[in-house]
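Since the structure comes first, as structure tokens, the remarks are kept for the end.
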Number of protein chains: 2
Amino acid sequence: MRKIVIEIDRLRTLLHDCANFSGQSRMHTDTRLPRPGNNSLPSDRQLYIRQLLLQDGRVLATELAQTLGVSEDSIRRDLRELAASGVCKRVYGGAIAMTPNTGSLDERSHENVASKARLAAAAVQLLQPGQFVFLDSGTTNLEIARALPDMPLTVATNSILIAAALLGRQQFDVTVVGGRMDHRIGGTIGTAAALEIQAMRPDICFLGTCSVDIELGIGTTIAEEAAFKRLLVRQCSQIVLAVTNQKLGTASPFAVTPLAEVSRLVIEADAEPHKVERLQGSGVPLLFAAAS
Amino acid sequence: MRKIVIEIDRLRTLLHDCANFSGQSRMHTDTRLPRPGNNSLPSDRQLYIRQLLLQDGRVLATELAQTLGVSEDSIRRDLRELAASGVCKRVYGGAIAMTPNTGSLDERSHENVASKARLAAAAVQLLQPGQFVFLDSGTTNLEIARALPDMPLTVATNSILIAAALLGRQQFDVTVVGGRMDHRIGGTIGTAAALEIQAMRPDICFLGTCSVDIELGIGTTIAEEAAFKRLLVRQCSQIVLAVTNQKLGTASPFAVTPLAEVSRLVIEADAEPHKVERLQGSGVPLLFAAAS
DNA sequence: CACCTTCATGCACAAACATGCAAACAAACA
DNA sequence: TGTTTGTTTGCATGTTTGTGCATGAAGGTG
């Protein structure tokens with residue numbers, strides 16, 4: 001057997017370079033983020049974890065314990081706390097970020113499926129046979145598309161996934177809004193799409209939304225998307241909004257429309273009572289989904 | 001300086017494992033999707049599988065096990081779990097993505113997958129970076145969409161399933177052709193779609209087809225579809241046709257265009273010799289897919 | 001039919017987890 | 001200064017979850 005003599009450090013470098021070559025190493029945290037010092041407050045540590053979550057979208061419990069110099073128990077406690085306040089979702093081995101716009105479309109479409117399905121079941125009860133309904137992009141609306149009852153309907157959508165879901169539903173006359181596809185949204189928004197919308201007068205529109213707040217109204221995280229939704233609001237006679245609990249009472253950078261424009265708000269049965277109370281005070285007709 | 005003695009083969013193995021571990025495999029999927037690193041969460045793995053399902057429409061258990069560096073048992077457990085939550089359907093050897101559409105289109109898209117994938121792999125070699133490519137509807141073209149290489153491309157399509165397959169491929173500037181959706185075809189054809197096509201001048205078009213015959217040319221079973229394809233032929237500089245053996249030498253009720261208009265015909269390696277001979281005689285440049 | 005691959009189940013082991021508890025520490029108060 | 005109170009932390013406990021291996025069954029192939 002042939003053998004060579006190699007310096008240990010050289011071998012170490014070789015292996016290290018080799019591993020780094022593919023570039024997916026997640027050990028960049030040390031260099032990018034200032035780490036809390038040795039004698040730091042728990043809040044500092046949680047802040048660091050939040051930033052890391054924002055940056056990487058996920059954290060590992062063991063890695064954090066090592067980096068921050070505390071036991072894994074403390075890290076787990078932190079993660080539990082952060083998860084309880086909705087910052088992240090706890091998974092085996094660590095946590096993944098739960099901020100509304102992070103996470104791919106595919107990821108989002110598999111979160112809270114049960115809640116969304118219940119909302120959808122309630123929302124579709126608003127439909128009448130023969131109506132022209134517009135389904136805006138969004139994962140809740142995808143559930144609505146799946147829940148559409150077997151009645152003659154004319155459906156239009158700018159969401160690719162919704163269009164795909166309606167494929168084969170022969171009783172629906174489906175129109176797809178063309179234009180440039182936004183990968184974050186999974187549908188068409190922009191000039192070309194807007195032009196097509198302007199030729200439509202849907203009876204009812206299920207508006208996708210990122211956030212709903214009584215004072216700030218409806219908002220999204222993408223400017224172009226907000227503009228597109230504003231146009232939708234203008235074109236459609238009825239605007240229906242189906243929102244999961246986590247979106248209730250939150251705000252987004254780009255405003256779409258005040259709540260007053262909304263014809264009907266579909267919310268979960270177990271929405272926080274004080275939020276429900278405030279919504280009822282605002283005059284928007286509410287529709288509750290069935291309890292889980 | 002400390003040194004050690006190491007067998008050359010052992011060192012080679014070390015470096016090889018290390019390089020493979022961090023992911024420069026020759027499988028085409030690796031170049032497109034960031035694979036979970038060495039320190040990954042179980043949920044990361046399932047996310048990776050979901051994204052792969054979204055892109056390729058199917059996954060193989062053995063391949064996943066090798067790529068992700070875990071046992072096939074774990075992969076099978078993941079697939080079982082994903083299937084239970086409705087993300088995919090478990091099949092012998094792996095899993096296929098659960099497209100919500102039912103019936104004929106769905107059935108078709110799982111026929112001859114291997115043949116179509118081979119055709120697709122050959123067809124995409126005709127592409128140059130920066131080109132404007134049109135992907136017509138059709139199950140072979142769906143495979144072409146999945147096989148599109150990682151290069152800057154502007155892509156337009158009238159197929160919903162192709163648009164869905166391109167979701168998340170950030171490097172592609174995707175335009176969806178709007179209009180009335182035909183449930184049989186799974187895409188938009190008709191007046192509105194034609195109008196949008198007229199504003200496009202794609203460099204290369206992969207035309208979907210039902211039948212190819214030397215005398216009768218290309219044909220389809222739906223009149224409206226044939227008209228749409230005729231328009232496509234007029235608008236695009238290059239027309240590429242990828243056809244499985246079963247379509248070769250058959251005719252359909254509605255003619256699209258004579259073979260002379262076709263820039264390139266991609267056929268299977270094991271196409272019947274006498275048909276190939278006749279095609280070669282007709283002057284259409286042929287491109288053979290790799291043998292199975 | 002034989003042969004191989006893939007699959008499901010049960011089991012053992014390790015890692016990650018929640019919980020209770022006591023020590024350490026800081027701030028507030030007598 | 002000494003005591004109390006509340007918080008944080010690490011450790012020990014038992015539990016849960018994920019993983020790989022073995023076995024036998026079921027599915028595909030020639």
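Residue numbering restarts at 1 for every chain, and letters A, B, ... go by the order of the sequence lines.
- Applying the 4.0 Å criterion to OP1 and OP2 of D/dT19, one finds that B/R45 has a side-chain N or O inside that range.
- Between A/I75 atom CD1 and D/dT9 atom C1' the separation is 12 Å, expressed in whole Å.
- Between D/dG10 and A/S74, a contact under 4.0 Å exists linking OP1 or OP2 to a side-chain N or O.
- A pairwise comparison of heavy atoms in B/I75 and B/R45 identifies CD1-CD, 4.3 Å as the closest pair.
- The listed nucleotides are C/dC7, D/dC21, C/dG20; the one nearest the side chain of B/A61 is C/dC7.
- Looking at the side chain of B/P42, the nearest of the listed nucleotides D/dG18, C/dA16, C/dC7 is D/dG18.
- No salt bridge links B/R77 with B/E81; every basic N to acidic carboxylate O contact stays at or beyond 4.0 Å.
- If you check D/dT4 for Watson-Crick or wobble pairing at under 3.5 angstrom, you find it paired to C/dA27.
- B/E72 has its CD atom 11 Å from the P atom of C/dT5, to the nearest Å.
- Atom CG of residue B/L82 and atom CD of residue B/Q46 lie 4.5 Å apart, to the nearest 0.5 angstrom.
- For B/Y92, counting side-chain heavy atoms from C-beta on, the closest listed nucleotide (C/dT9, D/dA12, C/dT6) is C/dT6.
- Rounding to whole angstrom units, CZ of residue B/R76 and C1' of D/dC21 are separated by 12 Å.
- Taking atom CD on A/Q46 and atom C1' on D/dT9, their separation rounds to 14 Å, with Å as the unit.
- If you measure from atom CD of B/E63 to atom P of C/dT6, you get 12 Å, rounded to the nearest angstrom.
- The side chain of A/R90 places no N or O atom within less than 4.0 Å of a non-bridging phosphate oxygen (OP1 or OP2) of C/dA16.
- Between the A/H183 side chain and the B/L167 main chain, no donor and acceptor come within less than 3.5 Å of each other.
- Along DNA chain C, the nucleotide closest to A/D73 and the one closest to A/T62 are compared, and the more 5′ of them pairs with A/T62.
- Atom CG of A/D78 is separated from atom C1' of D/dT9 by 11 Å (rounded to the nearest Å).
- Note: CG (B/L64) to P (C/dC7) measures 11 Å, nearest angstrom.
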- Query: Taking it one step at a time, do A/I160 and B/L166 satisfy side-chain contact (heavy atoms from CB on, under 4.5 Å)?
  - Reply: CA-CA 10 Å; A/I160 299 303; B/L166 295 177; over 6 Å; no
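- Remark: B/R80 is not in phosphate contact with C/dT6, judged by side-chain N or O atoms under 4.0 Å from OP1 or OP2.
- Distance B/D44 CG to D/dG18 C1': 14 Å, rounded to the nearest Å.
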